[in-house]
K.L.:
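Next up is a structure, given as C-alpha cells.
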Amino acid sequence: MNELQGWLLDVYADEKHGLVLWIIDQDGARRQLQQTFPVTFYAAGPFARLREVWQFIKDHPIVAITEREQRRDLFSGQRDVLTIEVANAVQQPQLFHDVIRRFPDLDYYDTDIPLAIRYAAKHDLFPLGHGRFLIDEANNIRELEALESPWQLEISTPPLKILTIEPDSNPQHAPPRSILIGSQASKIRIPVRPFRSLLLSIRASLKRHDPDLILSHWGDTWLFPRLLQFCNDEGITYFNPNRDQERQAVQRGENSYFTYGQVIHRGRQFHLFGRWHIDRRNAMMFSEYGLPGVLEQARVTGLPVQEIARKSPGAGVTAMQMQTALRQGILVPHLKQQAEQFKSVAELIRADRGGLVYQPLIGLHRNVAEIDFISMYPGLMVHFNISPETVGVQGENTRLIPELGIPVDQAREGLVPATLRPLLAKRLAIKEQLAGLERRDCRVNSLKARAAGLKWLLVVCFGYLGYKNARFGRIEAHEAVTAYSRDVLLSAKETAEDLGYQVLHMYVDALWVKHAEETKAGGVRQLMGEIAARTDLPIALEGIYRWIVFLPSRLDNRIPVPNRYFGVFEDGSLKTRGIECNRHDTPPFIAKTQLRVLEKLAALPEHQPLRSALPDVIGLWRQSVADLRAGRLPLQQLLVTQRVSRPSDEFRTPSPAARALAQLANSGKQRHPGQRVRFIYTRGAPGVYAWDLPTAPDPTAVDTARYLELLVRAADTILRPLRVKEERTRSCLLSNAYQQELPFTRH
DNA sequence: TACAGTCGGGG
DNA sequence: GTGTACGACTGTA
C-alpha cells in the first residue's frame with residue numbers, strides 16, 4: 001500500500017480497468033490510477049413489467065445486480081423502482097440502450113449522468129481538486145479522501161504544463177504555412193510542409209514537454225484531424241497525442257444547434273485521454289472568461305475540462321443539478337429527446353410577461369446613478385426558494401408569489417436553490433476580494449476570469465428553469481422568478497422616490513435614478529442601503545453617469561426603446577448598449593468612428609455643453625466620409641459580418657447575407673448554420689461580395705453610397721439627442737460645401 | 001406595406 | 001448534449 005496526494009486531471013471509464021483517473025502527484029509526476037466504480041440506474045413502472053426487466057437483465061451478457069427499492073422522484077415523491085447496478089461503468093450505456101429498446105414504456109432515471117459527475121457526487125473529488133489516495137501495487141485506489149471543496153475561495157493550483165499550438169492563419173480562409181509551438185520554456189516555428197516533418201516535430205514536442213493541456217487554435221477543426229488523416233493514409237502508427245497510450249483520441253462530429261435565439265455552429269471536436277486538448281476557436285465561451293474561467297467551471301460543475309470548455313454553461317448548470325440530486329438521493333429523470341414543440345396559445349400568453357421593462361425618459365440626462373441587482377434571478381431563486389418542486393406546492397409554510405398568487409413551499413430547500421446557493425456565495429466572495437485588491441495586483445485577472453465563469457453559470461440557470469428539455473425545468477418556476485423580479489424592482493422604485501429621486505429607467509435588474517437636486521455618491525449609498533434593506537438582495541452601484549442618453553425608436557422618435565443608450569461615467573469611461581458600435585454586423589470603420597466620437601464627447605470637461613464638441617465631432621465623421629470616398633480604407637474595414645441561421649437553399653428572400661452565402665457555396669466554400677459570413681456591399685447586382693471567395697474583391701466596386709448611408713445613420717444615433725436633425729447630419733457629413741458654412745460655432 | 005432575417009442582452 | 005421570448009431594425013418584394 002502506498003499513499004499519495006495529488007490533483008485530479010481526468011476521469012473516464014475503461015473496458016479493462018473500470019475507472020481510470022489521471023492525477024498530478026505531490027512530486028509533480030503524472031500518474032494513471034484505477035478504481036472499481038459500479039454505476040447505478042433505475043427503472044420504474046408496473047410491478048409486472050419490472051419483473052420482466054429483472055428477467056431480461058439476468059439473461060443479459062452484461063453483468064448487473066438488480067434490487068427493488070424506493071427512491072424519491074422530485075415531482076411525484078417516493079416511487080418503487082428497480083435498481084440496476086452495472087459492475088463496469090463503461091457498460092452502463094449499452095445495457096441501458098438494450099433495456100429501453102425492449103421496455104420503452106417505463107420511466108428511467110440516472111441513465112445519462114456523466115461519469116465525472118457521479119464520481120464528484122460520490123467522492124467529493126472534482127477536476128483540479130486535491131485529494132489523498134491509498135493505492136496498491138497495481139495502482140488501484142483502495143481509499144481516497146477529498147482535501148478541498150469546490151466552494152473554497154483560495155484554491156490549490158496544480159502545476160499545469162501547457163503547450164500552445166497556433167497556425168499562422170485561419171485554415172478556413174487560407175492554408176497555414178507554419179505553426180507556432182510554445183511552452184513555458186520555448187517557442188518554435190515549424191513549417192506545415194512537408195507534413196511528415198510537422199508530424200514528427202509535434203510528436204517530439206509532446207514527448208519533450210509532456211503537456212497536461214494542449215491549447216490550440218483550430219486544433220479541433222484542422223490540425224488534429226489532418227494529422228490523423230495523414231497517419232491513416234501513410235499507415236503511420238507511431239503518432240499518438242494521448243498521454244494514455246492505450247487510447248485513441250475521440251473525435252466528435254460537427255453540429256449546429258439553437259440557443260440564445262440563434263443558431264450556433266460547433267466544429268468537430270478532438271478529445272484526448274490523460275491530457276486535455278482545448279481548441280480555443282471551437283470553445284465558444286473561451287474568449288469570455290479564458291482558461292481560469294474554464295477551470296473554475298470544471299471545479300464547480302464537476303464536468304471534465306475538455307467538456308466544459310466546449311459546451312455552453314447550460315451543460316454546466318445541468319451537471320451541478322445532477323450532483324445535487326445524486327447527493328440528496330433524488331432521481332434524475334431520463335431526458336427524452338423530444339423535438340421542439342410549438343407552444344399553445346395559453347402558454348404563449350402566460351410566458352409573455354418577462355422581466356420588468358420600463359420606458360426610459362428619452363433624451364440627455366445629467367448626474368444619473370445606475371444601480372444593479374447582482375445576479376438578480378439566481379438571487380431570487382435562492383431567496384424565495386424557487387424550484388420546480390416547490391412552486392405551486394401548498395404546505396405548512398408557504399409564501400405567495402406576487403401578482404400570480406401561486407404558493408411556494410418553504411418547508412425544505414429546493415433542488416435549484418440548493419444548487420445555486422454556494423455558487424452565488426462564491427461569486428460574491430470573489431467580487432469582494434477583487435474590490436480589496438489593487439488594480440495591478442497579479443491575482444486580479446485570474447479572479448476576474450473565475451468570477452466571469454461563475455457568472456455565466458448563474459446567468460443561464462434562469463433560462464433552464466423555463467426550458468422544456470431541462471431535467472429540472474418548470475414554466476411556473478420561471479414565471480415566479482420574473483414575477484418576483486418585477487416586484488423587487490417596483491419596490492426599489494418606490495424606495496428611490498421616497499428618498500427624493502426621479503426614476504428615469506428600469507430594465508430587468510437595473511434602475512437609473514436622478515436626485516431632484518443633486519445625485520451624489522453619499523446619497524446614492526444611502527438609497528442603496530435602503531433598497532438592500534427592503535429587498536434583502538445584494539445590489540451594486542454600476543456607476544454615476546456624468547450624462548446619459550436614452551434613445552428613441554428610429555421609426556418613431558416619440559417612442560423610447562428600453563435598451564438603446566449611451567453615457568459617460570464620472571471617471572470618463574463609456575457605456576453603450578444597443579447602438580451601432582455594439583452590433584456585430586456594423587462595418588468596423590463605422591463602429592470605430594462612432595466610438596471615437598463618443599470618446600470625444602466623454603473627454604469634454606465636466607460642465608461643458610455637449611454641443612460645444614459638435615465641430616470636432618462633425619470633423620471626425622467627415623474624415624471618415626472622405627477616407628471612404630477616396631478609397632483610403634482597407635477593405636476589411638468595410639466588412640459586414642453576419643451569422644447565418646440556415647443553409648443557403650433555405651433562404652426565402654435573398655438578403656445580402658444569403659447572397660454572400662450563395663457565392664461561397666458556388667465556389668465550394670461550405671458555411672453551416674451558425675457560422676459567420678463576411679461580405680462587402682458592392683454596386684449593381686448581386687450587391688454583395690463574399691470576403692472568403694478565392695479572388696479578392698475589386699476595390700472600385702465598393703457601394704460607397706450604401707456605406708455613406710450607414711455612416712449617416714450611426715452619426716444620427718449620436719447627434720439626434722444633441723438636437724441635430726437627421727437631414728442636417730446628412731448634409732453636414734456629405735456636403736462638399738460644408739467648410740464654407742460652418743453650422744456650429746466653437747466656444 | 002408585409003414579410004424575412006439578424007441583432008441585442010444578461011454582465 | 002441544445003435557456004426563453006421579444007422588440008427594434010433593415011432589406012426585399
Side-chain angles (χ1 to χ4, degrees), chain A residues 112-114 252 255-264 266 269 288-289 303 307-308 310-319 335 337-340 343 347-355 357 372-378 427 431 448 451-452 454-456 458-471 473 475 478-479 481-482 507-510 540 542 551-556 559-564 575-580 582-586 640-646 650-659 661 674 676-677 681 687-688 706 709-710 713 717:
Chain A
D112 49 5
I113 299 174
R252 298 195 194 157
N255 61 345
S256 295
Y257 57 92
F258 185 78
T259 177
Y260 278 66
Q262 58 187 354
V263 179
I264 299 283
R266 181 159 48 207
Q269 306 176 25
E288 291 281 343
Y289 37 68
L303 281 175
E307 300 286 340
I308 192 72
R310 292 173 176 84
K311 280 188 172 143
S312 95
V317 170
T318 304
L335 188 63
Q337 288 296 344
Q338 50 190 5
E340 191 70 30
K343 284 194 166 183
E347 273 180 311
L348 266 177
I349 290 166
R350 221 178 24 178
D352 195 27
R353 310 208 52 195
V357 175
D372 295 354
F373 286 88
I374 305 171
S375 290
M376 182 194 230
Y377 285 1
R427 172 152 186 260
K431 292 202 91 162
K448 274 190 176 166
L454 298 175
K455 176 194 75 187
W456 276 99
L458 290 165
V459 165
V460 302
C461 71
F462 165 68
Y464 259 61
L465 266 187
Y467 179 39
K468 255 199 269 352
N469 289 349
R471 306 296 158 132
I475 193 68
H478 192 267
E479 288 167 10
V481 174
T482 53
Y507 191 84
V508 184
D509 60 354
E542 172 78 355
L551 288 165
S553 160
R554 277 186 63 82
L555 301 175
D556 183 343
I559 298 177
V561 292
N563 226 9
R564 271 165 62 83
K575 179 167 177 177
T576 67
R577 288 295 180 269
I579 66 174
E580 285 77 5
N582 294 97
R583 295 179 60 108
H584 292 300
D585 58 351
T586 302
V640 176
T641 306
Q642 285 190 332
R643 196 191 284 271
V644 288
S645 62
R646 62 201 71 204
E650 285 179 23
F651 276 90
R652 276 176 282 188
T653 43
S655 67
R659 295 195 299 258
L661 196 65
R676 293 184 174 85
V677 308
Y681 287 118
V688 296
R706 184 154 202 169
E709 187 51 34
L710 294 177
R713 262 186 228 157
T717 299

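What's counted below: heavy atoms across the whole structure, side chains too, no hydrogens, waters or symmetry copies. In the text below, chain A, chain B and the rest are named by the order of the sequence lines, each starting its count at 1.
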K.L.:
Can you tell me how far P of dA5(C) sits from CD of E479(A), to the nearest Å?
P.N.:
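Rounded to the whole Å, the gap is 11 Å.
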K.L.:
OP1 or OP2 of dG5(B) versus the side-chain N and O atoms of R646(A): is any pair under 4.0 Å?
P.N.:
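Looking at the OP1 and OP2 atoms of dG5(B), one of them is under 4.0 Å from a side-chain N or O of R646(A).
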K.L.:
Figure out the CH2/C1' separation between W456(A) and dG3(C), and round it to whole Å.
P.N.:
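Distance, rounded to whole Å: 11 Å.
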K.L.:
Extract the stems that DNA chain C is part of, considering only consecutive pairing runs of at least three Watson-Crick or G-U wobble pairs, both distances under 3.5 Å.
P.N.:
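In DNA chain C, stems of three or more pairs: B:1-8 with C:6-13.
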K.L.:
Give me the atom names and distance for the closest heavy-atom approach of A510(A) to D372(A).
P.N.:
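A510(A) and D372(A) have their closest heavy atoms at CB-OD1, 3.1 Å.
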K.L.:
For H478(A), answer base if it contacts any base atom (sugar-phosphate contacts may also be present), sugar-phosphate if it contacts only those atoms, and nothing otherwise; contact means non-hydrogen atoms under 4.0 Å.
P.N.:
nothing
K.L.:
When rounded to the nearest Å, what value does the distance between C1' atoms of dT6(B) and dA5(C) take?
P.N.:
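About 16 Å, rounded to a whole number of Å.
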K.L.:
May I ask you to check whether over 12 heavy atoms, not counting those of K575(A), lie within 6.0 Å of atom NZ?
P.N.:
yes
K.L.:
What does T641(A) touch in the nucleic acid at a heavy-atom separation under 4.0 angstrom: a base, only the sugar-phosphate, or nothing?
P.N.:
sugar-phosphate
K.L.:
Counting side-chain heavy atoms from C-beta on, which of dG1(C), dA8(C), dG11(B) comes nearest to V561(A)?
P.N.:
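So the nucleotide nearest the side chain must be dA8(C).
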K.L.:
Just the rounded figure in Å: distance from C1' of dG7(C) to CG of L555(A).
P.N.:
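Interatomic distance, CG of L555(A) to C1' of dG7(C): 11 Å.
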K.L.:
For residues L458(A) and P378(A), report the shortest heavy-atom separation together with the two atoms involved.
P.N.:
O-CG, 3.5 Å
K.L.:
Can you list the residues that meet the salt bridge (charged side-chain N to carboxylate O under 4.0 Å, His left out) rule with R583(A), with sequence neighbours excluded?
P.N.:
D585(A)
K.L.:
In whole Å, what separates the C1' atom of dC7(B) from that of dT4(C)?
P.N.:
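The answer is 16 Å between these two C1' atoms.
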K.L.:
Heavy atoms under 4.0 Å, any strand shown: does R427(A) hit a base, just sugar-phosphate, or nothing?
P.N.:
sugar-phosphate
K.L.:
Can you tell me how far C1' of dG3(C) sits from OH of Y377(A), to the nearest Å?
P.N.:
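Going from Y377(A) (OH) to dG3(C) (C1'), I get 13 Å.
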K.L.:
In whole angstrom, give the distance that lies between atom CG of D509(A) and atom C1' of dG11(B).
P.N.:
9 Å
K.L.:
Any side-chain N or O of R266(A) below 4.0 angstrom from OP1/OP2 of dT2(C)?
P.N.:
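Indeed, a polar side-chain atom of R266(A) lies that close.
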K.L.:
NA contact type, E307(A), heavy-atom cut-off 4.0 Å: base, sugar-phosphate, or nothing?
P.N.:
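The answer is nothing, as E307(A) stays clear of every strand by at least 4.0 Å.
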K.L.:
Search all heavy atoms of R266(A) against all heavy atoms of R310(A) and return the closest pair with its distance.
P.N.:
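That closest heavy-atom pairing would be NH1-O, 2.7 Å.
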K.L.:
Nearest to the side chain of R554(A) - dG1(C), dG10(B), dT10(C)?
P.N.:
dT10(C)
K.L.:
Could you check how far CZ of R577(A) sits from P of dG8(B), rounded to whole Å?
P.N.:
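My rounded result for the distance is 11 Å.
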K.L.:
State whether the distance check finds a donor on one side and an acceptor on the other, under 3.5 Å, for side chain Q642(A) versus base dG5(B).
P.N.:
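Result: no qualifying N/O pair found.
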K.L.:
Please name all residues satisfying side-chain contact (heavy atoms from CB on, under 4.5 Å) with A658(A), sequence neighbours left out, ordered by chain then number.
P.N.:
F651(A), S655(A)
K.L.:
Classify the nucleic acid contact of V644(A) as base, sugar-phosphate or nothing, counting any heavy atom under 4.0 Å across all strands shown.
P.N.:
sugar-phosphate
K.L.:
About how many Å separate NZ of K431(A) and NZ of K455(A), when rounded to the nearest 0.5 Å?
P.N.:
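Reported value, rounded in 0.5 Å steps: 8.0 Å.
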K.L.:
At under 4.0 Å, does any side-chain N or O of R564(A) touch on OP1 or OP2 of dG7(C)?
P.N.:
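The answer is no; no side-chain N or O of R564(A) sits under 4.0 Å from OP1 or OP2.
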K.L.:
Using the 3.5 Å cut-off, write out each protein N or O paired with an N or O of nucleotides 11-13 of chain C and the distance between them.
P.N.:
| residue | atom | partner | partner atom | Å |
| --- | --- | --- | --- | --- |
| dG11(C) | OP1 | R706(A) | NH2 | 3.3 |
| dG11(C) | OP2 | R713(A) | NH2 | 3.0 |
| dG11(C) | O5' | R706(A) | NH2 | 3.4 |
| dT12(C) | OP1 | R659(A) | NH1 | 3.1 |
| dT12(C) | OP1 | R659(A) | NH2 | 3.1 |

K.L.:
Would you tell me if any nitrogen or oxygen in the side chain of R652(A) comes within less than 4.0 Å of OP1 or OP2 on dG5(B)?
P.N.:
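Checking R652(A) against dG5(B): at least one side-chain N or O falls below 4.0 Å of OP1 or OP2.
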K.L.:
Closest to the R583(A) side chain: dG1(C), dG9(B), dC7(B)?
P.N.:
dC7(B)
K.L.:
Residues two or more places apart in sequence or in another chain: which of them pass ring pair (Phe, Tyr, Trp, His ring centres under 6.0 Å) with F462(A)?
P.N.:
Y377(A), H478(A)
K.L.:
Using whole Å, what does the distance between atom C1' of nucleotide dG11(B) and atom CG of D372(A) come to?
P.N.:
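That distance rounds to 9 Å.
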K.L.:
Apply salt bridge (charged side-chain N to carboxylate O under 4.0 Å, His left out) to D112(A) and list each qualifying residue two or more places apart in sequence or on a separate chain.
P.N.:
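Applying salt bridge (charged side-chain N to carboxylate O under 4.0 Å, His left out) to D112(A) gives R471(A).
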K.L.:
Quick check: closest heavy atoms across V508(A) and M376(A), and the distance to 0.1 Å?
P.N.:
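Distance-wise, the nearest heavy atoms are O-SD, 3.4 Å.
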K.L.:
Rounded to whole Å, please give me the gap between CD1 in I559(A) and C1' in dG7(C).
P.N.:
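Those two atoms, CD1 and C1', are 11 Å apart.
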K.L.:
Between R554(A) and R564(A), does a side chain to side chain contact (heavy atoms under 4.5 Å, CB included) hold up when you go through it step by step?
P.N.:
CA-CA 11 Å; R554(A) 277 186 63 82; R564(A) 271 165 62 83; 4.0 Å; yes
